[in-house]
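Here's the structure, in structure tokens; my notes come after.
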Amino acid sequence: MIKRSLAAVSLIAALLAGTLTGCAGSAEDPNTITYWASNQGKSAEQDMEILRDELAQFTAQTGIEVNVEVIGWSDLLNRILGAATSGVGPDVVNLGNTWAASLQATGAFVPFDDRLMQRFGGRERFLDSSMSSTGMAGQVPTSLPLYGLSYGVFYNKKLFAEAGLAPPRNWDEFLAASQRLTDPARNRWGLTIAGASYTENAHFAFMFARWEGVDLITANGPEFDSPGAVSAVQRYLGLMSTQKVVSPGDAEEGNTSSAAEDFTDGNAAMLIAQNSVIPTLADNGMSEDAYGVVRLPAPDPLPPGGTPALSHVAGSNVAVFADSPKREQALKLVEFLTSKDIQASLNKKYGTLPVVTDAYDDPAFHTEEDAVFSDVLAHYSEPAPMIPTEAHFETTVGSAMRDLFAEIATGRQVTTEDVRAALADAEQKMRGTGS
């Protein structure tokens with residue numbers, strides 16, 4: 001396989017902040033390809049079980065065998081970048097869609113130009129929002145949407161009924177309900193969050209900044225310590241620090257699935273999460289009729305210039321390595337994964353949303369919960385910054401917020417100046433990557 005260009009390798013080195021090696025690609029058998037799949041389910045074993053059934057259909061239809069490896073999110077980006085550096089990797093790979101621009105900049109992936117898109121039913125067959133997170137604006141995308149996600153607020157129907165509360169429609173009602181349902185003496189909280197997750201923190205910084213009418217990434221680069229950005233981050237941190245509707249223990253919650261245990265156990269009345277958490281709620285023993293879902297309640301009215309970004313465009317994409325000697329076989333797999341029936345089947349099993357319009361003919365996606373999430377994905381979501389160093393945006397801002405949550409959990413009062421200083425430091429680190 002061909003090595004990446006020097007410029008691309010330099011970018012990859014900056015993203016990795018170190019040197020990685022790639023993994024071996026698929027065997028020389030022209031009827032066998034390698035697929036790196038993201039960990040979408042509760043375990044890699046569950047993913048293998050789900051994918052084995054679907055890929056058996058692909059092999060039956062095409063005669064192409066698929067060697068699949070499920071890779072956890074904590075390792076996936078580095079594995080992909082390592083393969084791009086070495087020129088040795090899989091034929092097909094899943095990627096978090098917020099990484100789309102970063103990975104596009106490596107030059108390692110097949111561009112889906114208008115001509116190639118016709119093979120997949122044309123760009124118009126995919127959700128506009130999901131297509132906005134397939135690469136840098138104005139450039140030919142180098143990945144296609146595969147699984148769709150968006151944020152919503154899960155609420156415990158029993159706890160709300162006992163308190164005589166209706167589901168919140170705006171930020172003030174959301175705070176009022178959270179305060180009403182918080183009782184620290186009983187270890188009951190209005191809301192649970194994953195305060196130790198830098199990715200979750202960065203997502204809320206992005207969304208809440210849009211409510212304030214500001215961009216964290218501008219034409220001049222990162223602007224993390226603007227007054228609007230500081231207000232946005234304070235709004236999220238304030239759920240623990242000033243509103244005190246979030247347990248200090250949530251500063252140690254590293255992911256949404258972990259935080260969801262407090263929700264399913266009845267220790268938290270609400271959970272802000274993406275639709276992919278639904279199977280986790282079921283696995284934890286919470287029945288579908290025990291909770292409801294509403295859109296994330298934004299301020300009403302919004303601050304001047306604000307937009308109602310109730311989610312970033314979330315989800316996973318699929319891409320083909322340009323150096324793969326089995327490009328045709330790889331594109332056939334992408335064609336299969338984005339087909340109407342397989343989109344419906346896979347997204348039902350994972351609790352995610354189809355990213356092609358025709359898959360919504362399936363009645364499985366007509367539930368009240370899916371109606372909320374699909375509406376948010378289609379109409380109230382904005383793409384995360386589609387820049388080559390997006391991954392550094394998440395790590396710098398998200399980690400700064402994680403550290404501030406840790407300080408709040410100790411009882412320390414975090415001031416506006418503390419937040420501004422932490423974001424200024426994150427901005428300096430971001431600019432140090434050459435953004």
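From a predicted model like this one, the values you see are computed outputs, not experimental measurements.
- Aromatic ring orientation, Trp171 versus Phe174: tilted (interplanar angle from 30° to 60°).
- A distance-only check finds no donor-acceptor pair linking the side chain of Glu54 to the backbone of Ile342 [under 3.5 Å].
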Evaluate the side chain to side chain contact (heavy atoms under 4.5 Å, CB included) criterion for residues Leu95 and Ser143: first the C-alpha distance (whole Å), next the side-chain angles of each, then the deciding distance (0.1 Å), finally the verdict.
CA-CA 9 Å; Leu95 54 105; Ser143 60; 4.2 Å; yes
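- Judged by distance alone, with hydrogens and angles left aside, the side-chain atoms of Asn39 form no donor-acceptor pair with the main-chain N or O of Gly72 at under 3.5 Å.
- Of the possible donor and acceptor atoms, one in the side chain of Thr106 sits under 3.5 Å from a partner among the backbone N and O of Leu103.
- By the neighbour-count criterion of 12 heavy atoms within 6.0 Å, atom NE2 of His379 is sparsely surrounded, having that number or fewer from other residues, nucleotides or ligands.
- Defined by atom type and a distance below 3.5 Å, a donor-acceptor pair is present between the side-chain atoms of Glu223 and Thr218.
- Counting only distance, with no hydrogens or angles, the side chain of Lys332 and the backbone of Phe58 share no donor-acceptor pair below 3.5 Å.
- Using a distance-only test at 3.5 Å, with no hydrogens or angles considered, no donor-acceptor pair links the side chain of Asn275 to the main chain of Leu149.
- Residue Glu328 places its CD atom among more than 12 non-hydrogen atoms of other residues, nucleotides or ligands, all under 6.0 Å distant.
- At least one donor-acceptor pair under 3.5 Å links the side chain of Thr59 to the backbone N or O of Ile64.
- A salt bridge links Arg125 with Asp358; the closest basic N to acidic carboxylate O contact falls under 4.0 Å.
- The OH atom of Tyr350 lies 12.0 Å from the OG atom of Ser276; values are rounded to the nearest 0.5 Å.
- Taking both residues in full, the closest heavy atoms of Pro354 and Leu127 are given as O-CD1, 3.7 Å, listed atom of the first, atom of the second, then distance.
- For the pair Ser197 and Gly254, the tightest heavy-atom approach, listed with the atom from each and the gap, is CB-O, 3.3 Å.
- Checked by atom type, the side-chain pair Asp341/Ser339 shows no donor-acceptor distance below 3.5 Å.
- The minimum heavy-atom distance linking Ala205 with Val233 is given by the pair CB-CG2, 4.1 Å.
- By the 6.0 Å contact criterion, CZ on Arg169 is open, its count of non-hydrogen atoms from other residues, nucleotides or ligands being 12 or less.
- By the neighbour-count criterion of 12 heavy atoms within 6.0 Å, atom CD of Glu368 is sparsely surrounded, having that number or fewer from other residues, nucleotides or ligands.
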* CA sep, side-chain torsions, deciding dist, call: Val66, Phe336, side chain to side chain contact (heavy atoms under 4.5 Å, CB included) -> CA-CA 12 Å; Val66 182; Phe336 174 81; over 6 Å; no
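- With hydrogens and angles left out, the side-chain atoms of Thr352 and Gln40 include no donor and acceptor closer than 3.5 Å.
- No more than 12 heavy-atom neighbours from other residues, nucleotides or ligands sit within 6.0 angstrom of CD on Glu252.
- Remark: Asn94 CG to Ser38 OG distance equals 4.0 Å, nearest 0.5 Å.
- Using a 4.5 Å heavy-atom cutoff, the side chains of Pro385 and Phe206 are in contact.
- Side chain of Glu427 to main chain of Phe224: a donor-acceptor pair is present (N/O by atom type, distance under 3.5 Å, no hydrogens or angles).
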Go through the steps for Phe321 and Trp36 under the test ring-ring contact (aromatic ring centres under 6.0 Å, His included), then give the verdict.
CA-CA 11 Å; Phe321 271 89; Trp36 284 358; 7.0 Å; no
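- Atoms OG and OH, from Ser178 and Tyr155 in turn, are 14.0 Å apart once rounded to the nearest 0.5 Å.
- Pairing each heavy atom of Ala330 with each of Ile33, the nearest pair is CA-CD1, 4.2 Å.
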- Item | Verdict with reasoning, Phe393 to Thr98, per side chain to side chain contact (heavy atoms under 4.5 Å, CB included) | CA-CA 10 Å; Phe393 154 68; Thr98 60; over 6 Å; no
Fill in: side chain to side chain contact (heavy atoms under 4.5 Å, CB included) between Met117 and Leu144, intermediate numbers included
CA-CA 9 Å; Met117 283 299 296; Leu144 288 183; 3.5 Å; yes
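- Few gaps surround CG on Asp113; more than 12 heavy atoms of other groups in view lie less than 6.0 Å from it.
- Side-chain atoms of His366 come within 3.5 Å of backbone N or O of Tyr360 as a donor-acceptor pair.
- Summarising the geometry of Ala344 relative to Ala359, their closest heavy-atom pair is N-CB, 4.2 Å, with the distance given to 0.1 Å.
- The closest side-chain donor-acceptor pair between Ser258 and Glu253 falls under 3.5 angstrom.
- For Lys42, the NZ atom sits in a loose shell: 12 or fewer heavy atoms of surrounding residues, nucleotides or ligands are nearer than 6.0 Å.
- For the pair Leu331/Val92, no side-chain contact is recorded, criterion being any heavy-atom separation below 4.5 Å from C-beta on.
- The CD atom of Gln118 lies 11.0 Å from the CZ atom of Phe120; values are rounded to the nearest 0.5 Å.
- Between Asp215 and Arg210, at least one side-chain N (NZ, or NE/NH1/NH2) sits under 4.0 Å from a carboxylate O, which counts as a salt bridge.
- Side chain of Asn317 to main chain of Ser133: a donor-acceptor pair is present (N/O by atom type, distance under 3.5 Å, no hydrogens or angles).
- Taking the ring centroids of Phe405 and Tyr198, they lie at or beyond the 6.0 Å cut-off.
- Inspection of the Glu200 and Tyr151 side chains reveals an N or O donor paired with an N or O acceptor under 3.5 Å.
- Under the 3.5 Å distance criterion, with hydrogens and angles disregarded, a donor-acceptor pair is assigned to the side chains of Thr416 and Gln234.
- Around the CG atom of Asp361, the shell of radius 6.0 Å holds more than 12 heavy atoms that belong to other residues, nucleotides or ligands.
- In this structure, Thr199 and Asn255 have side chains that are not in contact, with every pair of non-hydrogen atoms separated by 4.5 Å or more.
- Annotation for Val313 and Ser130: closest pair CG1-CA, 3.9 Å, computed over non-hydrogen atoms.
- Considering only heavy atoms from C-beta on, Arg79 stays 4.5 Å or farther from Val93 through its side chain.
- From Ile217, atom CD1 reaches atom CD of Glu390 across 8.5 Å, with rounding to the nearest 0.5 Å.
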**Message:** Before you tell me yes or no, could you show the steps for Phe373 and Phe154 under ring-ring contact (aromatic ring centres under 6.0 Å, His included), namely the whole-Å CA-CA distance, both residues' side-chain angles and the distance that decides it to 0.1 Å?
**Reply:** CA-CA 11 Å; Phe373 288 113; Phe154 293 80; 5.7 Å; yes
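- Taken to the nearest 0.5 Å, the OG atom of Ser311 stands 11.0 Å off from the CD1 atom of Ile272.
- Side-chain atoms of Leu310 and Met207, non-hydrogen and from C-beta on, never get closer than 4.5 Å to each other.
- In terms of modelled atom types and a separation under 3.5 Å, the side chain of Asp250 and the main chain of Ile193 share a donor-acceptor contact.
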